[in-house]
Amino acid sequence: MVLLSTSLSKRVCVVGAGPSGLVAARELRREGHSTVVIEQNHDVGGQWLYDPNVDGVDPMGKDITDGFLEVHSSMYSSLRIMSPREIMGYTDFPFSTKKGRDSRRFPGHTEVYLYLRDFCEWFGLRDMIRFNTRVEYVGMLGNYDQNGVVGKDHSIKWVVRSKENWQKNNNNINNVLVEEIFDAVIVASGHYSFPKFPSIKGMDSWKRKQMHSHFYRVPDPFRNEVVVIVGSSLSGQDLSMELVEVAKEVYLSSRSMDITEGFSKVIAKHQNLHLRQQIESIEEDGKVLFVDGSWAIADTIIYCTG
């Protein structure tokens, strides 16, 4: 391996210590660059760092402060990977089974987190990472005009502002705002942190509980409830199969009634699991009207809509 000369070495900021950020940091360091990884959480993993604590946050994700959500990960407790572990790992660091850990070919999310932690430790990346630090701003500096045209010296730099100890529940209120200059910035912050919602008549006035699956963790809070799940893709099916064991009734609302044979068999096994078409509207008294004319009085609506 040939390292860059000192004159060619760049100072690089990597935003996020998830799967992409970790491997980017390793490769940058291999090539001789001075690299800093800024991670808003207390550990590596990104989305794979499971956080069971969603108490006190808006279940519809409306408590956005300065463009950030308090809850980053969408992992729920029972989640397992849908791809075999053999294709989940880095080329030169296989996702192998380890004694005393989840050895299934499709393991749970904790095993993925442990694999990423192993990767971090094996390549000595932890000392490059600033934990509990959130990037607040990234902007371009340099010799360029008002049209963004770079000058002949190509002297673009990047300013990065980050805040240490940013968590709302952190007792240390003396947050430190740091401004630094880098030659380059790699944004590896993922794209599964902000919930997406459909537009349904009555959503804004419905008085009962609504939430996005981003904030779902375990089924027990929905015991003996009537739950409507919006969206029949992977998370919608997962939550349906989990909630049907504790809820009074589960209605899965889908844009398409074309489901797999396997999931059709699951529905047939449970008298309290019902497949319905899209929602027409929801009413203040708890009634959920579907486009096929059927309806249900629901306690909770969960949006599994990406």
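The basis for the numbers below is simple: all heavy atoms, side chains too, and nothing from hydrogens, waters or symmetry mates. Residue numbers count from 1 along this sequence.
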J.: Mind checking whether Ile181 and Leu141 have side chains closer than 4.5 Å, heavy atoms only?
T.: yes
J.: Through direct or indirect side-chain contacts below 4.5 angstrom among Ile, Leu, Val, Met, Phe, Trp and Tyr, which residues connect to Val230?
T.: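 Via sub-4.5 Å side-chain contacts, Val230 links to Met60, Phe197, Ile200, Met203, Trp206, Val226, Val228, Tyr251, Ile279, Ile282, Val288, Phe290, Ile301, Tyr303.
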J.: Taking only Lys NZ, Arg NE, NH1 and NH2, and the carboxylate oxygens of Asp or Glu, determine whether Glu136 and Arg134 approach each other closer than 4.0 Å.
T.: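 Salt bridge between Glu136 and Arg134, a charged N being under 4.0 Å from a carboxylate O: yes.
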J.: Decide whether Ser232 and Ser254 meet the rule of one side-chain donor and one side-chain acceptor closer than 3.5 Å.
T.: yes
J.: Using modelled atom types only, decide if a donor and an acceptor are shared between the side chain of Thr305 and the backbone of Lys196 within a distance under 3.5 Å.
T.: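 Yes, Thr305 side chain to Lys196 backbone: donor-acceptor pair under 3.5 Å.
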J.: For Arg117, is there an ion pair with Glu121 - N to carboxylate O distance below 4.0 angstrom?
T.: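 Result for this pair is no, no salt bridge flagged.
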J.: Would you say Arg217's side chain and Asp51's backbone share a donor-acceptor pair under 3.5 angstrom?
T.: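 Judged by distance alone, yes, a pair lies under 3.5 Å.
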J.: Please determine if Asp102 and Arg104 form a salt bridge, counting it only when a charged side-chain N lies under 4.0 Å from a carboxylate O.
T.: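 Salt bridge: yes.
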J.: Side chains of Leu116 and Tyr90: does their closest heavy-atom pair fall under 4.5 Å?
T.: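 Of all side-chain heavy-atom pairs linking Tyr90 with Leu116, at least one is under 4.5 Å.
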J.: Would Asp118 and Arg101 pass as an ion pair if we require N to O under 4.0 Å?
T.: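 Yes.
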J.: Students often mix this up, so state it plainly: with edges at 30° and 60°, are the rings of Tyr216 and Phe222 parallel, tilted or perpendicular?
T.: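 Parallel, since the angle between the ring planes stays under 30°.
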J.: Is the positively charged end of Arg26 above the ring of Phe123, judged by distance under 6.0 angstrom from the centroid and angle within 45° of the axis?
T.: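 Flagged: Arg26 positioned over aromatic ring of Phe123.
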J.: Taking NZ, NE, NH1 and NH2 as the nitrogens, is one of them in Arg105 or Glu86 under 4.0 Å from a carboxylate oxygen of the other?
T.: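 Yes, Arg105 and Glu86 are salt-bridged.
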J.: Do any N or O atoms from the side chain of Glu39 and from the backbone of Asn41 form a donor-acceptor pair under 3.5 angstrom?
T.: yes
J.: Might you point out which heavy atoms bring Ile229 and Ser240 nearest each other, and give the distance in Å?
T.: CD1-OG, 3.4 Å
J.: Treating Ser34 as the side-chain partner and Arg11 as the backbone partner, does any N or O pair qualify as donor plus acceptor under 3.5 Å?
T.: no
J.: Any donor-acceptor pair under 3.5 Å linking the side-chain atoms of Ser78 with those of Glu242?
T.: yes
J.: For Glu111, is there an ion pair with Arg80 - N to carboxylate O distance below 4.0 angstrom?
T.: no
J.: What's the spacing between Glu164 CD and Ile38 CD1 if we round to 0.5 Å?
T.: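 Those atoms lie 9.0 Å apart.
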J.: Under 4.0 Å between a Lys/Arg side-chain N and an Asp/Glu carboxylate O for Lys209 and Asp299?
T.: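 No, no charged N to carboxylate O under 4.0 Å.
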J.: Keeping His212 on the side-chain end and His214 on the backbone end, is there a donor-acceptor pair under 3.5 Å?
T.: yes
J.: In this structure, would Met88 and Met82 fall into the same cluster of hydrophobic residues linked by side-chain contacts under 4.5 Å?
T.: no
J.: Is any side-chain heavy atom of Ile81 closer than 4.5 Å to one of Val112?
T.: yes
J.: Do Arg30 and Asp92 meet the salt-bridge criterion of a basic N to acidic O distance under 4.0 Å?
T.: yes
J.: Any side-chain heavy atom of Ile302 sitting closer than 4.5 Å to one from Thr300?
T.: yes
J.: Ignoring hydrogens and angles, tell me if any N or O in the side chain of Gln278 forms a donor-acceptor pair with the backbone of Arg255 under 3.5 Å.
T.: no
J.: For the residue pair Val15 and Gln40, establish whether any side-chain heavy-atom pair is separated by less than 4.5 Å.
T.: no
J.: Can you tell me how far apart CG (Asp258) and OG (Ser264) are? Round to the nearest 0.5 Å.
T.: 10.5 Å
J.: Are Val14 and Thr35 side-chain neighbours, meaning at least one heavy-atom pair lies under 4.5 Å?
T.: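 With C-beta onward as the side chain, the pair touches.
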J.: Give me the other members of the hydrophobic cluster that Ile87 sits in, counting Ile, Leu, Val, Met, Phe, Trp and Tyr linked by side-chain heavy atoms under 4.5 Å, directly or via other members.
T.: none
J.: Measure from the ring center of Tyr50 to the ring center of Tyr113 and say whether it is less than 6.0 Å.
T.: no
